[in-house]
Amino acid sequence: MQSEVMFAGFGGQGILLSAKILAHAAMKDGYEVAWIPSYGPEMRGGTAYCTVVVSDRPIGSPIIRNPLHLVAMNRPSLEKFAPHVKQGGVILINSSLIKISSSRDDVDEIRVPVTDIAKDLGSTRSANIVALSAFVARSRILDMDLIRDCIKEEFANKEKIIPLNLAAVDEGQKAGLTA
Amino acid sequence: MGKVLMKGNEAIGEAAIRAGCLNYFAYPITPQSEVAEYLSRRLPEAGGVFLQGESEVAVSYMIFGAAAAGARIFTTSSSPGISLMCEGISYIAAAQCPAVFVNIMRGGPGLGGILPSQADYFQATKGGGHGDYRMLVMAPASVQEAVEMVMTAFPLAEKYRNPVMILGDGLIGQMMEPVEFPDDLRSEPSNKDDWATNGMDTRRSDKRNLVKSLFLDPDQLNRNNLALKAKYDRMNREEVRYETYHMDLDYRVLIVSYGTMSRVCRTAIDNLAEEGIDVGMIRPQTLFPFPVQQVHDAAQKQSCVHVASIEMSMGQMVEDVQRALQGVKPVSWYGKCGGDVPTPEEIMEFVRTLL
């Protein structure tokens, strides 16, 4: 079994980090993983995307044109990548910033106002963690406690922001399950 | 230490330290700048030396100097930067000094682009710099393999007193994968008293060592070139490394592919097998020495009607594949090199056209 998750949004929205936390958590769970960033000439404010491949056997092609899942943090990302998502996958839409839908009826589309949820928690910067957690809860790709462990490890040098990010996990999880 | 999730570039830097190399001189260039970023922090911590040169040309001679003085040394760069280093590499090979070069390839020619490419195959395996020299060239297909090749490169460079190159594409540098650093690949730098300019006070003999690449006497120069050739012949006999995939099947097409491209081919081969089309693959892990005999033998299989060299270049390795085959089976090339890595679907489509 192999799943691919594409995270996409503006540069600066924490796309690479949320993808890294998912890859890290999947590695801890014993899976083969690959984290593949787009490293073209993007800049802050431009489109950033990153794919995480999670597999129970060695990963072949790291180039994924048709991911199973998509976490879209802004509208250009949704428009660009939603048509490529495989049938039956999850498309998470950041409804705080995206007013349109994917127009796909063969996927599990969920609308989560991740930026607003993060703002209510105290910082829009945790929107990526809200989105990641909502996605993980919905897709059941991994156990949520693994995400919590990896967040603690990832922010080990910035202990002050761990509680905020763990709160973002809780809220994201709730939102993902009820959306 | 168990598995850690690391970006290829950072893992390459860490692997060098774990291998026992504490000297790194470099000049930054995308897509491998993270090696320098990582080592600028880690090397001083580990008691080593990180030095940024003023250009890649300067770096190649800084490497030459350190290697001649007997230090374990390496550098990393990407395609245009390696072009600038080729002059120094030629001198280092001529003077028979060990050094490790990592090229995380981007698209060329010229400034090209910054995305993954394999278009420096000729440069790495056929020369690059002037004169009759070769580098031992290893091509990793994963971050783990990049780590292992970097760690193996140092003792190999010392065994042959010759530059060794790790040839990866941009994805190998940019991708994160789980890695382990095998303790048993750590090695002690070899004793270089016989030839290095490492100071008279540290060695017993009174012989003056001289490291040079200038041989104005034609006999001497010829002798030096014969000595180099003997080393390259020995590499051809002893250092060929490769991996096979689906070779036990009655494959109709044999793919030869390396690095990231070979992983895409593996996925294509799996998918084609489901359609009932059996395809085998040889993945050279050393590009020089190239697995000439192995590719030749694999193509001889009765079921095999076609051999395909699939690479992110406009057809470079294909010349080695043709050389290996000596015309026994038809050879085709497929590739792209703008930075857009071919997809498994594109490979499958191409393979179908061969049948």
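Within a 6.0 Å radius of CD in A:Gln87, no more than 12 heavy atoms belonging to other residues, nucleotides or ligands are found. Environment of CG in B:Asp248: crowded, with over 12 heavy atoms of neighbouring residues, nucleotides or ligands closer than 6.0 Å. Counting heavy-atom neighbours within 6.0 Å of A:Arg104 CZ, excluding the residue itself, gives a total above 12. Within a 6.0 Å radius of OH in B:Tyr245, other residues, nucleotides and ligands contribute more than 12 heavy atoms. Around atom CD of B:Glu275, more than 12 heavy atoms belonging to other residues, nucleotides or ligands sit under 6.0 Å away. Within 6.0 Å of atom CG in B:Asp184, more than 12 heavy atoms from other residues, nucleotides or ligands are found, so the atom counts as buried in its surroundings. Heavy atoms from other residues, nucleotides or ligands lying under 6.0 Å from CZ of A:Arg148 number more than 12.
With B:Arg263 contributing its side chain and A:Gly60 its backbone, the two residues share a donor-acceptor pair below 3.5 Å.
Residues A:Ser61 and B:Thr343 are not in side-chain contact: their nearest non-hydrogen atoms beyond the backbone lie 4.5 Å or more apart.
The two residues B:Asp340 and A:Arg65 come nearest to each other via the heavy atoms OD1-NH2, 3.2 Å.
Going from atom CE of B:Met176 over to atom SG of A:Cys50 covers 7.5 Å, rounded to the nearest 0.5 Å. Between B:Glu346 atom CD and A:Ile63 atom CD1 the span is 10.5 Å, to the nearest 0.5 Å.
In this structure, the portion of B:Arg266 lying under 4.5 Å from any heavy atom of chain A is its side chain and not its backbone. Heavy atoms of A:Ile59 lying under 4.5 Å from chain B belong to its backbone as well as its side chain. Within the 4.5 angstrom heavy-atom criterion, atoms from both the backbone and the side chain of A:Lys20 approach chain B.
Contact count against chain A (heavy-atom pairs under 4.5 Å) is highest for B:Leu5 among B:Thr267, B:Asp270, B:Leu5. Residue with the most contacts toward chain A among B:Met175, B:Gln174, B:Glu177, B:Met261: B:Gln174 (heavy-atom pairs, distance under 4.5 Å).
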